[in-house]
Amino acid sequence: MLAELKARVRATQFRAARAANTEVLRLYWSIGRDILVRQQAAGWGSKVVDRLAGDLKREFPDQRGWSRRNLLYMRKAAEVWPTEAEFVQHAAAQLPWTHVHVLLDRLGTREERDWYAAAAAEHGWTRGVLELQIRSGLRTALGAAPTNFTAALDSADSELAQQLVKDPYVFEHLALVKTLAERDVEQALMDRLQATMLELGSGMAFVGRQVRLTVPDDRTDAVSEFYLDLLFFHVEQLRYVVVELKVGDFEPAHLGQLGFYVAVVDDQYRRPEKHASTVGILLCTGKAGPVVRYSLASTAAPVAVADYQGLPADARAALPSAEQLREALDLDDLDPEP
């Protein structure tokens, strides 16, 4: 009974906090609308907003949020979502006000703001995570990786599998790695598991790294051993996802290796009565469209090819090639906290 009551109290606290947050955002939107209307109708200038901010601070000295800058955010919110119903019923009203700041500052269209607001509300992103997802272009990256899913899987399953991959993957938490040896990148990915899982997408559960696969020889008692880089399981789609990391440009042989791993995992790990088909994702630091396209067409296993980027935009601009990246990154400089 105590456990049930504690769960009920926590659920009520959460609903009350969300309701209170919505009411605050409703207030902010209404203030922004009034400022916007009066500026348009009465020709209010910036000095009037300054005076209004000062008056509100004096009237409510114990409350934060009455700065000139915040009042301008309120006005901007009223511009983006013109009616109260549009704002309050939208995902943006479920987010903390500082998240709304990010949506208004970092994005230029209503469509983009609505998409990222809905994603942030669904997945519970912090402000920092929201900024990272916007900076890495998550909306355009999702489903953008070239795959052969439509040919290798049935139509319904191929659409689901396509949602698992994006292009590029941006691992900004690897920004200080100085040697891009494949094992170093793999180690860095594991050292930053939380950030890595976030970039790989929601629903991914980590199964293992350097996963040992054994394949017996039918003619002898010998057993061949192979080790795949990373193995994940998607808990929503109920499928294994094999991830292989390659430093440098894409080569057709990479897909042969990945396809082999996918086939082994599909045969030895997957339970056909409950699991969807295993898929593979090849992450490399450079790829050419025609080569990838021809390689995918000749591969039976369902696989995708995507770039991965371990540097922020300014560093990538200074280090445009994989060869330069090899010399620029060093694992020892990684910060101990993700």
Side-chain angles (χ1 to χ4, degrees), residues 14-142 144 166 170 172 198-199 202 312-314 317:
F14 176 78
R15 290 196 299 271
R18 171 167 285 188
N21 179 72
T22 300
E23 287 304 309
V24 170
L25 265 64
R26 189 196 300 269
L27 170 66
Y28 285 173
W29 179 90
S30 68
I31 293 173
R33 178 205 53 195
D34 290 346
I35 293 174
L36 184 63
V37 168
R38 282 165 173 75
Q39 284 186 324
Q40 293 172 343
W44 276 17
S46 59
K47 290 185 177 181
V48 178
V49 177
D50 293 341
R51 288 175 53 192
L52 184 61
D55 291 340
L56 289 171
K57 286 179 182 178
R58 282 188 290 273
E59 183 67 24
F60 305 104
D62 298 329
Q63 293 182 9
R64 300 175 58 186
W66 303 122
S67 66
R68 175 184 182 277
R69 182 168 178 264
N70 210 36
L71 292 181
L72 294 178
Y73 274 123
M74 298 175 198
R75 184 189 66 181
K76 183 66 175 179
E79 284 182 322
V80 173
W81 295 280
T83 68
E84 183 181 40
E86 286 181 275
F87 181 65
V88 174
Q89 294 174 10
H90 191 270
Q94 302 174 28
L95 302 173
W97 181 239
T98 54
H99 284 53
V100 179
H101 286 192
V102 174
L103 296 174
L104 296 175
D105 283 340
R106 308 296 186 196
L107 300 167
T109 68
R110 165 75 182 273
E111 184 179 13
E112 290 178 313
R113 291 176 176 123
D114 287 352
W115 191 92
Y116 281 100
E122 178 183 357
H123 301 297
W125 291 344
T126 64
R127 176 178 176 175
V129 170
L130 174 60
E131 289 182 321
L132 173 62
Q133 300 291 29
I134 292 173
R135 190 165 61 248
S136 63
L138 176 64
R139 181 168 179 254
T140 56
L142 278 178
K166 57 185 178 180
V170 181
E172 291 196 348
L198 176 65
E199 179 61 18
S202 63
D314 55 348

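For reference, positions follow the sequence shown, starting with 1. Computed from a predicted model, the values in this text were never measured in an experiment.
- A 4.5 Å side-chain heavy-atom check between Leu71 and Met74 finds at least one atom pair inside the cut-off.
- Between Ile35 and Val48 the shortest side-chain heavy-atom distance does not fall below 4.5 Å.
- Within a 6.0 Å radius of CD in Gln63, other residues, nucleotides and ligands contribute more than 12 heavy atoms.
- The side-chain heavy atoms of Gln94 and Leu25, taken from C-beta on, include no pair separated by under 4.5 Å.
- When all heavy atoms of Leu104 and Arg113 are compared, the closest pair comes out as O-NH2, 3.2 Å.
- With salt bridges taken as basic N to acidic carboxylate O contacts below 4.0 Å, one links Glu86 and Arg110.
- Between Val100 and Ala92, the shortest heavy-atom contact is CG2-O, 3.8 Å.
- You'll find the side chain of Trp29 reaches within 4.5 Å of the side chain of Arg33, heavy atoms only.
- Summarising the geometry of Leu95 relative to Ala121, their closest heavy-atom pair is CD2-N, 3.7 Å, with the distance given to 0.1 Å.
- Contact of the Trp81 side chain with the Asp114 side chain is registered, since non-hydrogen atoms from C-beta on lie closer than 4.5 Å.
- If you check the side chains of Asn70 and Trp97, you find a donor sitting under 3.5 Å from an acceptor.
- In this structure, the separation between NZ on Lys76 and NE2 on His101 is 13.0 Å, given to the nearest 0.5 Å.
- Between Trp66 and Ile31 the shortest heavy-atom distance is CZ3-CD1, 3.5 Å.
- Residue Phe60 holds its CZ atom at 11.0 Å from CG of Asp55, rounded to the nearest 0.5 Å.
- To the nearest 0.5 Å, the span separating OH on Tyr116 from CD1 on Ile134 amounts to 6.5 Å.
- Under the 4.5 Å side-chain criterion, counting only non-hydrogen atoms from C-beta, Tyr73 is in contact with Asp105.
- A pairwise comparison of heavy atoms in Ala78 and Gly32 identifies CB-C, 3.7 Å as the closest pair.
- Using a 4.5 Å heavy-atom cutoff, the side chains of Leu72 and Arg68 are in contact.
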